[in-house]
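To start, the structure itself, in structure tokens.
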Amino acid sequence: MTLECIGQKAKEAEPILRVMTREEKDRVLLKAAELLVGEQEKILAANEKDMEAGQERGMKPGLLDRLKLTEDRIAGMAEGLRQIADLPDPVGEVMKDWVPENGLHIRQVRVPLGVIGIIYEARPNVTADAFGLCFKTGNPVVLRGGSDAIHSNQAITEVLQQALIACGCPESAIQLLTDTSRETAAAFMKLNRYIDVLIPRGSAGLIATVVNNSTIPVIETGSGNCHIYVDETADLEMAVNIVYNAKTQRIGVCNACESLVVNRKVKDAFLPLLAKKLQEKQVELRGDEAAREAVPMTAATEEDWGTEYLDYILSVKTVDNVEEAIAHINRYNTGHSEAIITENQEHAEKFLKEVDAAAVYVNASTRFTDGFEFGFGAEIGISTQKLHARGPMGLVALTSYKYEITGHGQVRG
């Protein structure tokens with residue numbers, strides 16, 4: 001199908017999805033969850049083709065981890081759809097209801113955004129998550145995944161379309177661009193006649209390309225150069241456990257810790273403890289001169305402070321106080337997730353107020369910036385911008401609103 005045809009089909013599905021009841025939408029989501037598990041052998045076989053191709057191309061371990069599907073991950077995708085089905089449907093919610101002096105009855109009502117386009121890389125789970133969230137909010141979705149995951153994405157899309165057909169819904173509620181060329185992606189970014197909003201998910205380079213070239217309004221889901229600051233009052237054992245979790249639990253995700261900031265007063269006590277723990281995963285440390293005095297490590301460059309590694313690498317910056325830590329973080333972060341480990345309440349409050357990011361933590365891992373962990377169900381992405389939506393984007397972030405006005409003959413003088 002041509003892009004024009006795909007856009008037309010999405011627009012034709014839009015008015016159908018817009019008026020579907022919650023019960024109708026939930027029936028499709030539960031059927032889709034059932035079929036994902038039932039057809040997992042087909043999906044895993046497709047994913048194996050992508051994994052083999054990725055390994056042959058020398059794909060980084062973090063990206064291979066994002067690409068890989070297992071029975072557990074497919075079960076997680078299915079559970080994500082079930083959780084979305086369990087969530088309240090925001091469409092139709094009356095946000096405000098009032099009567100001004102002119103006597104008009106005005107209601108502000110939540111409505112779908114429209115046709116949503118999503119451009120993403122080697123994350124096949126995004127295919128199911130995006131469908132679930134968009135469908136629940138009455139939005140047809142057009143997906144353009146990367147070539148690295150094309151077989152996985154096709155298999156998942158086919159299963160989701162089976163669920164739609166089985167429930168009497170238009171299969172064009174989800175469509176996947178099978179042509180993964182840059183030329184097609186560039187044309188897709190200019191399909192503003194049919195696509196109402198475009199959401200990129202992936203590397204900083206991908207997001208910048210979409211922002212700079214799209215004629216469709218874009219919601220940025222940025223890369224994650226996430227920091228953890230270990231304050232001079234930190235519980236050092238807690239700090240070791242949090243940094244270890246945030247760095248190594250999954251290295252290929254945007255909420256993994258990439259940069260460590262340590263108060264000089266605790267560097268000699270803390271860094272040897274952390275280095276010993278991180279050796280379990282063979283994490284490479286890259287630090288400034290003061291950090292290297294505490295533990296042997298590679299010398300950090302200016303580039304290291306702003307790098308999202310998606311690998312077993314961690315930069316280490318030493319500072320004199322919380323003010324210096326906040327300044328460093330605000331200079332180099334990507335607006336995603338930042339954390340402080342401290343027993344000082346004033347420092348915690350200062351960090352929460354002054355760090356400019358979508359999610360700011362005290363004494364917890366940055367890995368919690370996630371739609372599931374926030375109770376939103378699956379997420380469409382982590383927005384690092386400030387307009388419309390910020391942080392994990394659940395159902396409400398995929399809606400807009402309109403005003404419904406009822407009068408009894410009023411005219412304006």
Side-chain angles (χ1 to χ4, degrees), residues 6 9-10 12-14 16-18 20 22 24-40 42-43 46-47 69 73-87 89-91 112-121 123-146 149-178 188 195-201 219 221 371-372 376-381 392-395 397-399:
I6 288 171
K9 285 186 172 293
E12 290 167 2
E14 183 184 6
I16 299 172
L17 270 60
R18 190 189 307 141
M20 287 179 67
R22 173 182 176 174
E24 291 169 331
K25 290 186 283 191
D26 290 350
R27 190 180 309 119
V28 173
L29 293 171
L30 294 175
K31 184 65 176 178
E34 175 192 328
L35 290 178
L36 281 175
V37 176
E39 298 286 339
Q40 64 181 4
K42 168 184 174 178
I43 296 170
N47 182 248
L69 291 177
R73 289 187 180 181
I74 292 174
M77 288 160 53
E79 179 58 25
L81 294 180
R82 295 188 194 99
Q83 288 188 13
I84 294 170
D86 285 341
L87 292 171
D89 185 352
V91 175
L113 279 176
V115 179
I116 295 176
I118 301 178
I119 297 180
Y120 57 111
E121 295 175 322
R123 294 284 295 272
N125 63 295
V126 172
T127 306
D129 291 349
F131 166 73
L133 287 161
C134 291
F135 187 77
K136 178 82 174 195
T137 47
N139 300 297
V141 64
V142 180
L143 304 173
R144 191 276 185 183
I150 185 60
H151 297 99
S152 307
N153 291 336
Q154 282 183 300
I156 294 168
T157 300
E158 288 169 5
V159 170
L160 298 174
Q161 288 177 333
Q162 287 176 33
L164 288 162
I165 293 168
C167 296
C169 295
E171 62 181 303
S172 54
I174 177 173
Q175 297 179 86
L176 175 73
L177 304 187
T178 54
F188 181 42
I195 309 296
D196 294 291
V197 64
L198 193 58
I199 303 173
R201 288 193 60 172
I219 299 176
T221 60
F372 284 110
F376 299 162
E379 70 189 26
I380 206 74
M393 293 173 58
L395 295 174
L398 295 178
T399 64

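The model shown is predicted, which means the values in this text are computed figures rather than measured ones.
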| note | Heavy atoms of Ser152 and Pro124 approach each other most closely as CB-CB, 3.8 Å

| Within the side chain of Asn139, is there an N or O that forms a donor-acceptor pair under 3.5 Å with the backbone of Gly114? | yes

| field | Audit row: Arg27, Glu24, salt bridge (charged side-chain N to carboxylate O under 4.0 Å, His left out) steps and yes/no | value | CA-CA 5 Å; Arg27 190 180 309 119; Glu24 291 169 331; 5.6 Å; no

| said: Can you give me the closest heavy-atom contact between Leu160 and Ala32, atom names plus distance? | reply: CD2-CB, 3.8 Å

| query | Among Ile74, Asn125, Thr127, which one satisfies side chain to side chain contact (heavy atoms under 4.5 Å, CB included) with Ile156? | reply | Thr127

| request: Using salt bridge (Lys or Arg N to Asp or Glu O under 4.0 Å) as the criterion, point out the one residue from Lys136, Arg22, Lys25 that pairs with Asp89. | output: Lys25

| Does some side-chain heavy atom of Glu39 sit less than 4.5 Å from a side-chain heavy atom of Glu158? | no

| query | In Å, rounded to the nearest 0.5 Å, how long is the span from CD1 of Ile119 to CZ of Arg201? | reply | 13.5 Å

| Are any non-hydrogen side-chain atoms of Phe135 and Leu29 less than 4.5 angstrom apart? | yes

| task | Answer yes or no: is there an ion pair linking Lys9 with Glu12, defined by an N-O contact shorter than 4.0 Å? | result | no

| query | Side-chain contact, heavy-atom cut-off 4.5 Å: Leu87 with Gln83? | reply | no

| query | Of the non-hydrogen atoms in Val91 and Thr137, which two are nearest, and what is the gap between them? | reply | CG2-O, 3.4 Å

| Taking all atoms of both residues into account, what is the closest heavy-atom pair of Cys134 and Ile380, and its distance? | SG-CD1, 4.1 Å

| query | So which heavy atom on Ala173 is nearest to which on Leu17, and how close? | reply | CB-CD2, 3.9 Å

| said: When you compare the side chain of Leu198 with that of Phe188, does any pair of heavy atoms fall below 4.5 Å? | reply: yes

| Closest non-hydrogen atom pair, Pro90 against Leu395 | CG-CB, 4.0 Å

